[in-house]
Structure formats: C-alpha cells, structure tokens
Number of protein chains: 2
Amino acid sequence: MGETLEQAFQKLCREKNLAVTHQRLVIYRELMKMHDHPNPEQVYERVRPELPSISLATVYKTLHAFVAAGLICQVSPHHGSMRIEPQGEPHSHFICLRCHDITDIATGDPDVAALKAGVPAGYQVEQVSTELRGICGRCAAESFSAGHA
Amino acid sequence: MGETLEQAFQKLCREKNLAVTHQRLVIYRELMKMHDHPNPEQVYERVRPELPSISLATVYKTLHAFVAAGLICQVSPHHGSMRIEPQGEPHSHFICLRCHDITDIATGDPDVAALKAGVPAGYQVEQVSTELRGICGRCAAESFSAGHA
DNA sequence: GAATATAGACGAATAATTATTATTTAGCAA
DNA sequence: TTGCTAAATAATAATTATTCGTCTATATTC
C-alpha cells in the first residue's frame with residue numbers, strides 16, 4: 001500500500017515521458033498531501049527535510065514539468081507583468097499561454113449571484129472575471145509552420 | 001473640445017482625492033487612447049516622448065493610484081508568485097487582493113460553450129476559469145478592527 | 001503668495017523566475 | 001551487469017518585474 005502512490009507516479013511519468021527521479025517523486029508525494037495552493041518556495045520548504053540538497057530552481061523546473069504533463073494545474077498563470085485595462089467595459093479575456101497576449105472576448109456576464117453563493121461568509125467580493133487560456137491564433141500558426149518546417 | 005478629456009480627468013481626480021499633475025494627465029490621456037492591455041513598461045514608452053524625465057517607478061505608482069481610484073482596471077492581478085493546484089478537481093477560486101490567499105469555491109462550471117463561441121477562429125482554448133477577487137474573511141476582520149483601534 | 005502635503009526623479013533594493021554550466025542520474029541496449 | 005546517451009540536478013549568475021528610500025519639485029490649501 002505504501003507503494004501505491006509511487007507506482008501511480010511511475011505510471012504517470014511513463015505516460016508523459018518524464019524520467020522518474022527521486023526528487024520528482026518526493027515533490028509529487030508532498031504535493032499530493034497539500035490541499036491549499038502552494039507557491040514554489042513553499043514546496044521547496046516542504047521537501048527540504050527529505051531532500052536537503054535540492055535547489056529552488058529544480059523545484060521550479062519540476063513544477064513546470066508537472067504542469068506541462070498535466071499532473072497538476074497552475075492557478076491563474078499570470079502575464080509576466082501587470083496588465084491594465086483602460087476601458088471599463090466588462091468582458092472576458094483570452095490569454096495566450098505562449099506570448100501572453102490578451103484578447104478581449106465579448107461574452108455575457110457570468111452568473112455572479114451563483115458564484116457569490118459559494119463564497120464563505122465575511123468575504124467581500126469586488127470583482128468576478130472569467131478567463132480563457134490557450135494558444136492564440138498567431139502562436140498557433142507559428143507552431144503549425146514550425147512543425148512542418 | 002480638446003479640453004473635455006482634461007476636464008473630465010480633473011473632475012475624476014477631485015472625486016477621488018487625487019492631485020492633478022501633469023504626469024498623471026499625460027498618462028491618463030495615453031491610456032484612454034489604448035485599446036489593448038498594456039503593461040507598465042509599455043505605458044512608460046508611450047508617455048516618454050511627452051514626459052522625457054518620467055521614471056518607470058512613477059508610472060507604476062500612477063497606475064496603482066488609478067486602479068485604486070477605479071479609473072482603470074487591472075487584468076487578473078496575480079499572486080506575487082506562481083501558485084499550483086495539486087488536485088485536479090475543477091472549481092473556482094477566490095483570491096484575496098490583500099494577502100493573496102486563494103480559497104476554493106465550489107461552483108458549477110461556467111457555460112464553456114457560450115464562452116468559446118466568442119473566441120476568434122484559430123485560437124485554441126485549453127482552460128476556462130472563473131475567479132472572484134476581493135478581501136478574504138481574515139483580512140476583512142483585520143481591517144475592521146484596525147479601523148476601530 | 002507662503003506653508004504643507006503630496007507627487008516625482010533617480011538609483012538602489014528586493015522578489016520571482018530563468019539561464020548557465022558542471023556534475024550526476026535515469027533509461028536503455030549490448 | 002555495464003556502459004552509453006540524454007535528461008535531470010545543484011549551484012550560482014543573470015534577468016525581469018516591481019518596490020523602496022531619499023531628495024527635489026509641484027499641487028493644494030489657506
């Protein structure tokens with residue numbers, strides 16, 4: 001039973017062509033214990049007792065590898081830098097994961113009332129927004145031609 | 001008529017207790033011309049011809065002042081650092097603008113089909129997420145007691 | 001118009017992340 | 001097994017984005 005998680009991890013790695021390393025296993029095991037939304041620094045601190053010589057850069061690379069492989073998700077990947085919206089019109093945004101470009105999407109408002117219903121008491125909601133993320137037309141065209149070059 | 005924007009800006013500033021400065025006016029005027037989602041660096045480059053001695057730090061401070069006053073919006077303010085979600089369950093997030101804490105919100109999925117309908121052709125949507133932003137219970141309680149200290 | 005508070009310029013500092021390079025390790029084949 | 005090759009790691013430097021501190025300049029208030 002103690003092996004179940006490790007075996008599951010090995011299987012996942014095979015599927016995704018990730019090498020199974022001790023560091024990755026320990027990081028994965030710690031991640032699976034966490035039910036909040038840690039940042040890389042926190043993950044680093046959590047694994048250090050078991051991996052005293054690990055470096056923060058390795059944690060970053062491992063987390064990115066896990067995200068790319070779909071083992072974990074990233075909460076609202078940001079845009080590299082602060083982005084502002086001069087006009088106050090409410091709409092959704094499409095954010096390109098590759099070039100970070102933001103495209104306005106005209107959509108109906110989300111059901112704000114239903115969303116707010118799930119918010120704990122004492123929380124003050126100031127904004128609600130829906131984002132779509134993926135690859136924009138330009139980047140999709142580029143990777144297509146690159147794939148056929 | 002050329003004065004309309006300037007007058008409107010002055011009025012806004014009075015309402016929000018912001019001093020009307022030349023730098024702020026120029027930044028505001030440029031922002032109102034922009035229909036994309038510039039970052040501070042881009043705003044800086046845009047105003048430099050008119051304000052050769054402005055510093056990037058001033059642009060940051062001004063943008064923050066404008067956001068706080070509600071003159072402009074920020075597109076998905078980020079969390080200071082990368083945040084991950086170990087478990088793959090889909091849900092929404094409440095993000096505290098003060099302490100950056102992320103709280104899971106159990107909600108129904110947004111109408112993904114309707115959202116995707118507004119996406120330009122050639123764009124590949126990989127994720128759709130809804131975020132609520134505001135002040136979490138802890139921070140709200142703190143500012144309440146601070147306000148009455 | 002003078003006093004006071006706020007804003008700006010400049011440079012340095014900090015935080016988050018990525019790149020570099022040498023070393024180690026995993027995955028695979030003989 | 002053993003050795004080869006590609007990938008992963010550790011350590012550190014570099015980059016990028018953002019903020020801070022200090023001094024000067026400007027706006028607001030009287």
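Throughout, a chain's letter reflects where its sequence line sits, starting with A, and its residues are numbered from 1.
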Which nucleotide in the list dG8(C), dA17(D), dT18(C) gets nearest to the side chain of Tyr60(A)?
dT18(C)

Starting from P on dA27(D), measure out to CD on Glu6(B) and report it in whole angstrom.
12 Å

The helix from dG1(C)-dC30(D) to dA30(C)-dT1(D): angle between terminal helix axes, five bp per end, to the nearest 10 degrees, reads 40°

Under 3.5 Å, is there a donor on one side chain and an acceptor on the other for Arg133(B) and Ser129(A)?
yes

Leu56(A) CG to dT9(D) P, in whole Å, measures 14 Å

Of the candidate nucleotides dA11(D), dC10(C), dA7(C), which contains the atom at the shortest distance from the side chain of Ala57(A)?
dA11(D)

Between Ser81(B) and Asn17(B), which has a closest nucleotide on DNA chain C that is more 5'?
Asn17(B)

Work out which heavy atom in Val20(A) is nearest to a heavy atom in Gln10(A); give both atom names and the distance.
CG1-CG, 3.9 Å

Could you pull out the closest heavy-atom pair between Glu131(B) and Ser76(A), with the gap in Å?
OE2-CB, 2.5 Å

Rounded to whole Å, the CD1-C1' distance (Ile27(A) to dA8(D)) equals 11 Å

Do the charged groups of Glu30(B) and Arg46(B) touch, with an N to O distance under 4.0 Å?
yes

Report yes if at least one side-chain N or O of His64(A) is closer than 4.0 Å to OP1 or OP2 of dT17(C); otherwise report no.
no

Here the distance between atom C1' of dT22(D) and atom NZ of Lys61(B), to the nearest Å, is 11 Å

Compare side-chain N and O positions of Gln23(A) against OP1 and OP2 of dA10(D) and report whether any pair is under 4.0 Å apart.
yes

Indicate the atoms forming the closest heavy-atom contact of Cys96(A) with Cys136(A), along with that distance.
SG-N, 3.4 Å

Taking atom types as modelled, find out whether His64(A) and Gln74(A) have a side-chain donor-acceptor pair closer than 3.5 angstrom.
no

Given atom CE of Met82(B) and atom C1' of dA15(C), what is their separation to the nearest angstrom?
16 Å

Starting at OG1 of Thr62(A), measure out to CG of Leu31(A) and round the result to the nearest 0.5 Å.
9.5 Å

Arg83(A) to His37(B) - nearest heavy-atom pair and separation
NH1-O, 3.0 Å

Protein-nucleotide distance (Arg24(A), atom CZ; dA7(D), atom P), rounded to Å:
11 Å

What are the residues of residues 43-54 of chain B, sorted by number, that bring a heavy atom to within less than 4.0 Å of DNA chain C?
Ser53(B), Ile54(B)

Under 4.5 Å between side-chain heavy atoms, hopping through other hydrophobics if needed: is there a path connecting Leu132(A) to Leu97(A)?
no

Which protein N or O atoms sit under 3.5 Å from an N or O of nucleotides 27-30 of chain C?
unit_1, atom_1, unit_2, atom_2, d
dG27(C), OP1, Val20(A), N, 2.9

How many Å lie between NZ on Lys16(A) and P on dA7(D), as a whole number?
19 Å

From the candidates dC10(C), dT18(D), dG8(C), the one with an atom nearest any side-chain atom of Ser55(B) is dC10(C)

Within the 3.5 Å criterion, strictly below it, is a donor on Tyr44(A) or Arg48(A) matched to an acceptor on the partner's side chain?
yes

Under 4.0 Å: is that the gap between some side-chain N or O of His22(A) and OP1 or OP2 of dT24(C)?
no

How many Å lie between CG on Leu25(B) and C1' on dA27(D), as a whole number?
14 Å

Heavy-atom closest contact (Glu50(B) atom, Val26(B) atom, distance)
OE1-CG1, 3.7 Å

State yes or no: do Val59(B) and Phe9(B) share one hydrophobic cluster built from I, L, V, M, F, W and Y residues joined by side-chain heavy-atom distances below 4.5 Å, directly or via other members?
yes

